[in-house]
Amino acid sequence: MLVKSSYSKDYNITMRRTDGTDCYLTGRISSGGDRINVVDKGEYFYNPNTIIEELQKDGNVGFYITEEERLSTKYLFIVETDNFADTYKSFLDLSTK
């Protein structure tokens with residue numbers, strides 16, 4: 001069962017790259033939405049390919065997410081990038097057909 005947001009919320013996202021450096025992003029969940037979308041609010045540098053490019057490298061990518069207005073709401077997870085590059089390439093190949 002998915003939980004839908006009753007109002008729009010902004011999130012601060014820190015992405016720990018495979019080389020250990022951090023990238024700061026902003027996320028937003030819309031009212032009635034069930035997922036956080038990375039957005040460009042003009043406060044942080046955001047290139048739409050930043051996350052995809054990092055996931056295509058070998059290693060782990062970490063994400064630390066806090067709700068902008070309620071810092072006690074936190075999420076921390078690590079993505080193992082194992083076969084992301086191959087899977088993403090297959091997806092792109094299928095989407096261009």
Side-chain angles (χ1 to χ4, degrees):
M1 179 168 123
L2 293 176
V3 177
K4 305 262 185 197
S5 178
S6 56
Y7 58 94
S8 294
K9 300 177 200 176
D10 288 339
Y11 292 85
N12 298 314
I13 303 169
T14 302
M15 179 179 73
R16 171 94 15 108
R17 296 178 174 115
T18 55
D19 66 3
T21 60
D22 291 337
C23 176
Y24 302 98
L25 306 165
T26 300
R28 179 171 295 136
I29 188 168
S30 300
S31 177
D34 61 2
R35 60 199 69 193
I36 298 171
N37 296 296
V38 177
V39 297
D40 182 2
K41 287 177 48 176
E43 298 171 14
Y44 301 117
F45 170 75
Y46 170 62
N47 176 333
N49 295 317
T50 301
I51 297 171
I52 297 296
E53 288 170 359
E54 205 55 41
L55 291 171
Q56 291 177 338
K57 298 176 182 176
D58 289 332
N60 296 325
V61 178
F63 293 90
Y64 179 63
I65 302 171
T66 58
E67 188 176 327
E68 197 170 84
E69 292 182 11
R70 188 180 309 160
L71 297 178
S72 61
T73 302
K74 307 175 207 180
Y75 307 93
L76 174 63
F77 58 94
I78 295 172
V79 177
E80 295 178 14
T81 62
D82 292 349
N83 67 338
F84 181 86
D86 293 334
T87 303
Y88 186 67
K89 182 181 179 316
S90 295
F91 168 76
L92 291 178
D93 290 345
L94 287 174
S95 67
T96 59
K97 292 182 178 183

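Side chains included, hydrogens not; waters and symmetry mates left out as well; all remaining heavy atoms used. Keep in mind that this is a model prediction, so the values were computed, not measured.
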**Q.** Within 6.0 Å of CG in Asp19, more than 12 heavy atoms from elsewhere
**A.** yes
**Q.** Ser31 side chain vs Ser8 backbone, donor-acceptor pair below 3.5 Å
**A.** no
**Q.** Check: Asp10 and Glu69 side chains under 4.5 Å, non-hydrogen atoms
**A.** no
Q.
Within the structure provided, determine whether Met15 and Thr50 are in side-chain contact (heavy-atom separation under 4.5 Å).
A. yes
Q | Hydrophobic cluster identity match, Tyr75 and Val38, side-chain contacts under 4.5 Å | A | yes
Q) How far apart are the closest heavy atoms of Val61 and Thr81, and which atoms are they? A) CG2-CG2, 3.8 Å
Q: With sequence neighbours left out, write down each residue that passes ring-ring contact (aromatic ring centres under 6.0 Å, His included) with Phe84, or none if nothing qualifies.
A: Tyr88
Q | Interatomic spacing from CZ in Arg28 to OH in Tyr11 - rounded to 0.5 Å | A | 11.5 Å
Q: Output yes when a side-chain donor or acceptor of Thr21 lies under 3.5 Å from a complementary backbone atom of Arg17, and no otherwise.
A: no
(Q) Listing request: all salt bridge (charged side-chain N to carboxylate O under 4.0 Å, His left out) pairs with a residue in residues 77-89, at least two apart in sequence or in separate chains. (A) Lys89-Asp93
Q: Treating Ile, Leu, Val, Met, Phe, Trp and Tyr as nodes and any side-chain heavy-atom pair under 4.5 angstrom as an edge, say whether Ile52 and Ile65 lie in one connected cluster.
A: yes
Q. Is there a chain of hydrophobic side chains (I, L, V, M, F, W, Y, each step under 4.5 Å between heavy atoms) that links Ile36 to Leu76?
A. no
**Q.** N/O donor-acceptor pair under 3.5 Å between Thr66 side chain and Leu71 backbone
**A.** no
Q. Measuring from Asn12:CG to Thr26:OG1, what's the distance to the nearest 0.5 Å?
A. 6.0 Å
Q. Listed by chain and number, what are the ring-ring contact (aromatic ring centres under 6.0 Å, His included) partners of Phe77, not counting sequence neighbours?
A. Phe63
**Q.** Point-to-point distance, once rounded to the nearest 0.5 Å, from CD of Glu67 to CD1 of Ile29
**A.** 9.0 Å
Q: Establish whether Ile13 and Val79 are linked, either directly or via other cluster members, by ILVMFWY side-chain heavy-atom contacts under 4.5 Å.
A: yes
